[in-house]
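I have placed the structure first, in the form of C-alpha cells, so that the comments after it can refer back to it.
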Amino acid sequence: MCAKNIDWSNLGFGYMKTDWRYVANYKDGKWDEGTLSEDGTITMSECAGVLQYAQTCFEGLKAYTTKDGKIVCFRPDLNAQRMIDSCERLKMPTFPEERFIEAVRKVVDANREWVPPYGSGASLYLRPFMFGINSVIGVKPATEYQFRIFATPVGPYFKGGVKPLTVRISDFDRAAPHGTGHVKAGLNYAMSLYAIVDAHEQGFDENIYPDSATRTYIEETGGANIIFVTKDGTVVTPKSDTILPSITRRSLMYVAEHILGMKVEERKVRVDELSDFVECGLCGTAAVISPVGKIVDHGKEIVYGMDDMGPVTKKLYDALRGIQLGTMEAPEGWILEI
Ligand code: PLP
Ligand code: COI
C-alpha cells in the first residue's frame with residue numbers, strides 16, 4: 001500500500017498519471033468486455049462526437065484508506081446510477097451498474113499503491129467518463145463510445161484546505177429549466193468556465209448560481225451543492241430540478257436526520273433569506289464540506305464567519321469523514337471494500 005514517494009499531505013486537486021485505468025468500448029450496439037490499460041492517452045477521429053458536439057458525461061468518487069488499513073469507496077452505486085441518468089439525457093448508451101462497480105474495483109485494486117494513507121487528508125479520486133468517439137458531423141448522437149475510469153491522488157479542492165470561502169451570487173447562468181443541470185454533462189462545466197475565471201479575477205472562490213428563470217432562488221455552485229444552517233440548528237438544502245443531485249449532500253442530509261438527530265429541510269431557498277442562516281457549506285466529492293465564510297450578493301455581504309467551520313457544519317463534516325474513513329459505523333451499503 002502507498003509505496004509511492006509522494007508528499008500526500010500537500011497534494012492539491014490535480015491530475016497525476018497513475019498506473020492503470022479501465023477502458024471499455026461500445027460498438028455495434030454493445031459494450032466489449034473492457035480491460036485495464038497502462039495507456040493514459042486516447043486517439044480518435046478529428047470529427048469525434050465528443051470533440052464536435054461535446055457528447056460526454058462524467059462522474060467523480062473517491063477511494064480512501066481507513067483507520068484499520070482497508071481501502072474503501074463511498075457509495076459507488078449512486079455514481080453508477082447517476083451516470084446512467086446522464087447518459088440517457090445525452091443519448092449515450094448506459095454502462096450497467098454492476099459493470100461500473102466492477103470497473104471501480106479493478107481500477108482501485110490495480111492502483112492500490114496510489115491510495116493515500118489514512119490521516120494524510122488526501123484520497124484517490126476516480127473519474128469515470130464516457131464520450132462519443134466515432135465521427136459525427138451532422139448534429140446527432142455518436143454510434144460508438146468509450147467508457148473509462150482513471151484514478152489520481154488528490155488533496156483539497158479549494159486552495160487553503162478548510163479555510164472559509166468567499167463566494168458571489170453569479171450573474172451568469174449554469175442551468176436552464178428543462179436543460180441539463182441535473183446531470184453531469186461535460187457541457188455544464190464548459191459553459192461555467194467563463195464565470196469561474198471571472199469570479200477568480202474578482203477575488204471570489206466560486207459562484208453561487210441562482211435559478212436562471214427568476215433569479216430568486218439559490219441553486220448550487222459550479223462544482224458542489226450547498227447546505228445552510230438556521231439559527232435553531234436546522235440543516236437546509238435547496239430543492240430544484242436543475243441542480244446536480246449530489247451524493248455527498250444526500251448522504252449528509254441522511255446523516256443529519258437519522259444519525260445526528262438534526263432537523264433537516266430540502267426546500268426552495270430564496271436569495272433574500274441568505275442572511276437568516278448562520279452557517280453555509282459547499283458539499284461534494286471534491287469539495288467534501290467546504291465552509292462558506294462570506295457570500296457577496298452584488299455588493300451586499302452576508303458574513304457567516306471567516307475564522308472556522310461553524311459548529312453544525314463541523315459535526316456533519318466529522319460524521320461524513322468518520323463514515324468514509326472507518327471511524328464511525330456506516331449505514332448499510334454505503335461502503336464498498338476493495
Ligand atoms: N454539483 C455539481 C455541479 C458538481 O459538479 C458536483 C460534483 O460532483 C456536485 C454538485 C457534488 O456531487 P457529489 O456529492 O455527488 O460529488
Ligand atoms: C466532484 O466533486 O467529483 C466533481 O466532479 C466536481 C468537479 C468540479 C471537480
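These figures come from a predicted structure and were not determined experimentally.
Evaluation of the side-chain hydrogen bond (donor to acceptor under 3.5 Å, both in side chains) rule for Q146 yields N25, R148 as partners, not counting sequence neighbours. Contacts of S9 classified as side-chain hydrogen bond (donor to acceptor under 3.5 Å, both in side chains), with partners at least two apart in sequence or in another chain: none. Remark: L90 pairs with C57, M92, A185, L187 by the side chain to side chain contact (heavy atoms under 4.5 Å, CB included) rule, at least two apart or across chains. Evaluation of the side-chain hydrogen bond (donor to acceptor under 3.5 Å, both in side chains) rule for K62 yields no partner, not counting sequence neighbours.
Residue pairs that meet the ring pair (Phe, Tyr, Trp, His ring centres under 6.0 Å) test with at least one member in residues 164-184, sequence neighbours left out, are F172-Y194. Here salt bridge (charged side-chain N to carboxylate O under 4.0 Å, His left out) pairs that include residues 284-309, with residues two or more places apart or in two chains, are K294-E301. Sorted by first then second residue, the salt bridge (charged side-chain N to carboxylate O under 4.0 Å, His left out) pairs that include residues 117-129, not counting sequence neighbours, number zero. Applying the ring pair (Phe, Tyr, Trp, His ring centres under 6.0 Å) test to pairs two or more places apart or on separate chains, none has a residue in residues 290-312.
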With a 3.5 Å cut-off and sequence neighbours excluded, list the donor-acceptor pairs that the side chains of residues 328-338 form with protein atoms.
none

Output a table of donor-acceptor pairs, distance under 3.5 Å, between side-chain atoms of residues 223-237 and any protein atom two or more places apart or on a different chain; print 'none' if there are none.
| from | atom 1 | to | atom 2 | distance (Å) |
| --- | --- | --- | --- | --- |
| N225 | OD1 | S246 | N | 3.3 |
| N225 | OD1 | R249 | NE | 3.0 |
| N225 | OD1 | R249 | NH2 | 3.3 |
| N225 | ND2 | E220 | OE1 | 2.8 |
| N225 | ND2 | L244 | O | 3.0 |
| T230 | OG1 | D232 | OD1 | 2.4 |
| T230 | OG1 | T234 | N | 3.0 |
| D232 | OD1 | T234 | N | 3.2 |
| D232 | OD1 | T234 | OG1 | 2.8 |
| T237 | OG1 | I226 | O | 2.7 |

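You'll find the ring centres of F131 and F58 outside the 6.0 Å limit.
Hydrophobic cluster membership for Y217: none, as no Ile, Leu, Val, Met, Phe, Trp or Tyr side chain comes under 4.5 Å of it. Listed by chain and number, the hydrophobic cluster partners of V136 are Y53, V139, where partners are ILVMFWY side chains within reach of under 4.5 Å, directly or through others.
Considering Y189, F150, F147 in turn, F150 is the only one that fulfils the ring pair (Phe, Tyr, Trp, His ring centres under 6.0 Å) rule with F129.
The closest side-chain heavy-atom distance from Y118 to L325 is below 4.5 Å.
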